[in-house]
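In what follows, chains are A, B, ... by sequence order, proteins preceding strands, each numbered from 1.
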Amino acid sequence: MLYGSYDFGQIEKKWQDYWLANKTFRTPDGSDADAAGKPKYYVLDMFPYPSGAGLHVGHPEGYTASDIVARFKRMKGFNVLHPIGWDAFGLPAEQYAVQTGTHPAATTQKNIANMRRQIQALGFSYDWDRQVDTTDIGYYKWTQWIFLKFFNSWFDDAQQKARPIEELPIPDEIKAQGDEAVRNYIDSQRLAYESHAPVNWCPALGTVLANEEVVGGVSERGGHPVIRKPMRQWMLRITKFAERLLDGLDELDWTESIKKLQQDWIGKSVGAEVDFVIATEGTENTERNKIRVFTTRPDTLFGATYMVMAPEHKLVDEITTPEYKDAVKRYRDEAARKSDLDRTDMSKDKTGQFTGAYAINPVNGEKIPIWISDYVLISYGTGAIMSVPAHDERDFEFAKKFDLPIIQVVRPDDPELAKEAAAERLCFSGDGTAINSGQFDGLSTPEFKKKITMWLQEQGLGQKAVNYKLRDWLFSRQRYWGEPFPILHAEGGRVFAMDESELPLGLPEMADYKPTDTGAPPLAKATDWVNVTLPDGSKARRETNTMPQWAGSCWYYLRYTDPKNDNVAFDPEKEKYWLPVDLYIGGAEHAVLHLLYSRFWHKLLYDLGYVASPEPFKKLVNQGMILGEDNQKMSKSRGNVINPDAVIEEYGADSMRLYEMFMGPLEATKPWSMQGVEGVHRFLGKAWRMVVDTETGELNAAVQEAVADEETTRLLHQTIKKVAGDIEGFGFNTAISQMMIFVNHLTRQSVRPKSVIETFVLLLSPFAPHIAEELWQRLGHSESLAYAPWPTFDEALCKENEIELAVQVLGKIKDKIVVPADADEAAIRQTAMASEKVQAALDGKTPKKIIVIKSRLVNIVV
RNA sequence: GCCGGAGUGGCGGAAUGGCAGACGCGCGGGAUUCAAAAUCCCGUCCUGGCAACAGGGUGUGGGUUCAAGUCCCACCUCCGGUACCA
């Protein structure tokens, strides 16, 4: 290579080393003198998993965007926190351990080292002193500590907040039953609790999965079948926070679509709970012999012609009449055997079984049959429904299949629909007018809902009720490579937590990481670790489940504020200074899982007074997916994967960064193009030659101490304005195109004022920091430009002196005129009318109206 | 099914309701060179025309407006998410 040419390899290495050696991006805390007078800005990237495959081109997209903002904000005088770390627990390292016996920690550290190298090769301005690693015992000590906070808290429904378990009021009747009852009561209120319900067991992964991790009956990761299996599991009571997780969304600057995904996941429904008395001969009318249902359409009660209970419902055995016992048992066994996948597959064809029992419809006294069917879910509402086949698609299908009566109680306003519905050719589930509903006839659906809910309440038949789709979070996994629970099981079966002072509880060393045949977690085999003798001499066993991968990522953004503190998870002063995160960039795949879980943890910590902010992430931006050059999702099997290392090798990190931003809008899905990389690379080469003489390596002779001409000054100011505005608005692609326009202009000038060049270098620096630093140095600066003040622009200097206006006649462009920028309407009108082409187009007609949009166009209407 | 998002040149994309196609890629032509690479200059939405120019054009069909890629209504296609939540 010629001396002085754009040797990106050498330049990038030089500046990466410089930044690291000088700790250029060390971030002072709020109390630090270096932060004095500066407003804070927290830019966060989503927590990467250090996979063996390393970075893919999707990672640097978000990272580059956040890095541009971080560098920009620093230059704007903000104290910027821009950290990175590793979400390092998880399956791949463990699977590798099972196969090879290599300790997952070894695999993890190797992967971290590789990914760190890759990330550093892109020149991101992270404060490496704040790096965190969830598998570091100094980190997961505090993950365990937060778990203890869940375990040692209860949710006060009246105050809608979590409170320490010591503050839990114990009802007198519980106290009267003795210590064990009190203990059981307390355990039943904890926000972390054990459950024995059927869970999503994935045999292939050898672990259970949270509802959110099961998609369409198969595991989200790997697509393995999932079956329902009763197992002892740890749960977190996220459902208690449903309302607040919903409310909190309002104040967040997130895209509406992500908010909607969370809203839908939480799935709030307002309706009524209604009791149906069982009417079978011989059964007594007691509390137990009522079936409670939840409905969002209490206005359709008069149309309830049968009931359906989930096969798992507690009352099924009790109400089933002798002649139906066998059939019911058969159906329940079948339903229990079905995997989730089978259940979903059946959505088209409904199955069910009559129980022989009847209930009384409370509004009209009708005796209606009680069925069981697996289209009713035990886990939602009360596990039983009233069926209104005329106005619910599912009930309609079921009624058609089993020939159950259909009664119209809502008349659609559309007569065509009404006719079809009356003929039972379709099921109408919208709002309309009440019919066949006794004294309520004629009411509109919303009115009816209100009235009947009140009526039910007055009659003692039911009350208003709210239900959520959100379920409690299944928080345990049967894996080795995760945080151990700080929980002990005493010989008598009593479960208790370790004391905070006893943390951390480290993972034991093991030779064999294989899951056991019994479904017991691998940790069960570490007998030395599992079996504990308590101070009083009694024996206990440690919990052998581990936490899911989400645990560590639920609070990492807090640890960044105080990553090395061994006494607390994070200093509250530091949290108060840095939080909330001002900008969070990452993939949309975390829309419900990670983002909901971490909001949940944050709210617990908020209630208990550990954080001052009710929401962790103020603004969220999702980067889009990058497709392969063939417009397909990148995948090994398609052979269209782009390796960032190879791109950096060939074109350099600055070109890589610039291209990722130039491809299109950050949020859009867009295909990769190597020629596109080539294009931005050419731009950087051009910018380099604009400043540097490639023969000598000295400054280009055109770069002189000179005053910029008017046009250059104007373009410079326009460029400063555009680049800054576009960074703030995440329009990185258009910021780059403006810089290209600027370079195209300036390279044509034989004199390039040094001050103009310097300003340009500063504008370029957040995007392509290595080349910018190098040029900055060659322009005679001894200090890094990382904290150089961001250039300012003068609005007056952005303005053109003369502007070209289009002149339309009836909306069609006929001519273009040039007028002074400050020309008034009358003058513009006159110039426009003076145009020969306009006159020709008018063809003698008199203008009816002349619309003048200053600086845009003139439209003449005839 | 339902819920989001998006449809603009050969391609990626740009356009506070105001000149559609900025910028980049690709392509064509030229300069430089012994030649090539690199670089620089010119051209490049479609149709007709040597040209000036004329006409058409932002998924489809309507509408609002002096003016629509942009706003409204109906529809089509693609991508992403979701799955009996009563």
Any [X] side-chain nitrogen or oxygen under 4.0 Å from OP1 or OP2 of [N]:
{"X": "Asn733(A)", "N": "G24(B)", "value": "no"}
{"X": "Arg856(A)", "N": "U16(B)", "value": "no"}
{"X": "Lys686(A)", "N": "C40(B)", "value": "yes"}
{"X": "Asn744(A)", "N": "G24(B)", "value": "yes"}
{"X": "Lys401(A)", "N": "C84(B)", "value": "no"}
{"X": "Arg682(A)", "N": "A37(B)", "value": "no"}

Taking both distances under 3.5 Å as the test for a Watson-Crick or G-U pair, what stems of at least three pairs does RNA chain B have?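 The stems that RNA chain B takes part in, listed by first number, are B:1-7 with B:76-82, B:10-12 with B:23-25, B:26-31 with B:39-44, B:45-48 with B:53-56, B:59-63 with B:71-75.
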Centroid-to-centroid, Tyr306(A) to Phe402(A), below 6.0 Å?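 No - the distance between ring centres of Tyr306(A) and Phe402(A) does not fall below the 6.0 Å cut-off.
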Which of the following nucleotides, G55(B), C23(B), C41(B), is nearest to the side chain of Arg748(A)? C41(B)
Decide, yes or no, whether a salt bridge links [X] with [Y] under the criterion of side-chain N to carboxylate O below 4.0 Å.
{"X": "Lys799(A)", "Y": "Glu795(A)", "value": "yes"}
{"X": "Lys260(A)", "Y": "Glu256(A)", "value": "no"}
{"X": "Glu800(A)", "Y": "Arg714(A)", "value": "yes"}

Distance between the [atom1] atoms of [N] and [M], in whole angstroms?
{"N": "G26(B)", "M": "C11(B)", "atom1": "P", "answer": "15 Å"}
{"N": "G57(B)", "M": "A20(B)", "atom1": "P", "answer": "12 Å"}
{"N": "U77(B)", "M": "C23(B)", "atom1": "P", "answer": "36 Å"}
{"N": "G1(B)", "M": "U47(B)", "atom1": "C1'", "answer": "44 Å"}
{"N": "A68(B)", "M": "A15(B)", "atom1": "C1'", "answer": "13 Å"}
{"N": "G81(B)", "M": "G13(B)", "atom1": "C1'", "answer": "25 Å"}
{"N": "G59(B)", "M": "G10(B)", "atom1": "P", "answer": "13 Å"}
{"N": "A22(B)", "M": "G69(B)", "atom1": "C1'", "answer": "15 Å"}

Determine if the base of G28(B) is syn or anti; take syn to mean the glycosidic torsion is within 90° of 0. anti
Side-chain donor/acceptor of Glu660(A) to backbone N/O of Glu61(A), under 3.5 Å: yes
Can you spot which of Ile385(A), Asp374(A), Ile370(A) makes a side-chain contact (heavy atoms from CB on, under 4.5 Å) with Val308(A)? Ile385(A)
Round to the nearest Å and state the distance from Ile370(A) atom CD1 to A86(B) atom P. 22 Å
Looking only at N and O atoms, is any donor in the side chain of Lys350(A) or the base of C84(B) less than 3.5 Å from an acceptor on the other one? yes
May I ask you to verify whether the side chain of Lys816(A) and the base of C19(B) hold a donor-acceptor pair under 3.5 Å? yes
Donor on one side chain, acceptor on other, Thr239(A) and Asp472(A), under 3.5 Å: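 On atom types as modelled, these side chains qualify, holding a pair under 3.5 Å.
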Over 60° means perpendicular and under 30° means parallel, so tell me whether Phe398(A) and Tyr375(A) are parallel, tilted or perpendicular. tilted
